[in-house]
Amino acid sequence: MSASSVVMLPYAPSSVAVARQRLSADLSSAGLLASAVDDVVLIMSELLSNALRHAHPLPSGQLKVAWLCSDSQVEVAVSDGGAYTEPRAGRPTLSSLGGRGLGIVEYLAERWGVRHEEETTTVWAVVPASWPAQNGHHELSETPVLREVG
């Protein structure tokens, strides 16, 4: 029940689709529930889009996307060459065209944050892992299960 990967991607908008596909395939093949895969992929997309919009590439000219999936959580991280401002969740007006990305991350993630290491800034988020019931034992989850009674 674990999956991890580190992917170096070009500093280009097309990298978002590539990263979404790789992450989705990796988490799905590890057996994570589809709803959790969707949440993690959306979070990674927001973090990667923010890096492309607001930050510089790493010294290699690329961005780094990493994920680690354990029995209890999935952590996703995007590393870039830093920006002039610190990543933070905005409070856009209803008519704003942008500024909601980290608000979405804040809503979906259990926690998120920013790490600075030399010339690298990493924005990370942790989502609780949701696995299907194992060995016929139904585990408690926040997702209601519909059962046919008859």
Would Trp67 and Asp26 count as a side-chain contact (heavy atoms from CB on, under 4.5 Å) if you check the C-alpha gap in whole Å, the side-chain angles of each, and the deciding distance to 0.1 Å? CA-CA 10 Å; Trp67 56 89; Asp26 200 24; 2.6 Å; yes

Test side-chain contact (heavy atoms from CB on, under 4.5 Å) applied to Leu48 and Leu9, step by step: CA-CA 10 Å; Leu48 190 52; Leu9 297 166; 4.1 Å; yes

Any side-chain hydrogen bond (donor to acceptor under 3.5 Å, both in side chains) involving residues 7-23? Give me the pairs, sequence neighbours left out, ordered by first then second residue. Arg20-Ser45

Suppose we screen for salt bridge (Lys or Arg N to Asp or Glu O under 4.0 Å). Which residues come up paired with Glu117, at least two apart in sequence or across chains? Arg115

Between Val127 and Ala109, what is the shortest heavy-atom contact and its length? CG2-CA, 4.3 Å

What are the two closest heavy atoms between His56 and Asp80, and how far apart are they? O-CB, 3.4 Å

Could you work out, with side chain to side chain contact (heavy atoms under 4.5 Å, CB included) as the rule, every residue matching Leu42, not counting sequence neighbours? Glu46, Ile104, Leu108

Given a cutoff of under 4.5 Å between side-chain heavy atoms of I, L, V, M, F, W and Y, with clusters grown through shared members, what are the other residues clustered with Val6? none

What are the two closest non-hydrogen atoms of Ser70 and Ala129, and how far apart are they? O-CB, 3.8 Å

Starting at OG of Ser49, measure out to NE2 of His54 and round the result to the nearest 0.5 Å. 9.5 Å

Which heavy atom of Thr121 sits nearest a heavy atom of Gly82, and at what distance? OG1-CA, 3.4 Å

Heavy atoms, side chains only, cut-off 4.5 Å: are Val18 and Val7 in contact? no

Pairing residues for Ser60 by the side chain to side chain contact (heavy atoms under 4.5 Å, CB included) criterion, not counting sequence neighbours: Met8, Leu58, Gln62

Is the backbone N or O of Gly31 less than 3.5 Å from a side-chain atom of Trp131, with the two atoms forming a donor-acceptor pair by type? no

Is it the case that one hydrophobic cluster holds both Trp112 and Met44, taking links as side-chain heavy atoms less than 4.5 Å apart, direct or via other members? yes

For a quick test of reading the model, state the closest non-hydrogen atom pair linking Ala125 to Ile43 and the distance between them. CB-CG2, 3.7 Å

Separation of Asp39 CG from Leu27 CG (nearest 0.5 Å): 11.0 Å

Residue Glu110 excluded, over 12 heavy atoms near CD under 6.0 Å: yes

Who passes side chain to side chain contact (heavy atoms under 4.5 Å, CB included) against Ala36, sequence neighbours left out? Leu32, Ser130

Grouping I, L, V, M, F, W and Y whenever their side-chain heavy atoms are under 4.5 Å apart, do Val16 and Val37 come out in a common cluster? yes

How close do Pro13 and Leu52 get, heavy atom to heavy atom, and via which atoms? CA-CD1, 3.9 Å

So if you build clusters from Ile, Leu, Val, Met, Phe, Trp, Tyr with side-chain heavy-atom gaps below 4.5 Å, do Val78 and Val41 land together? yes

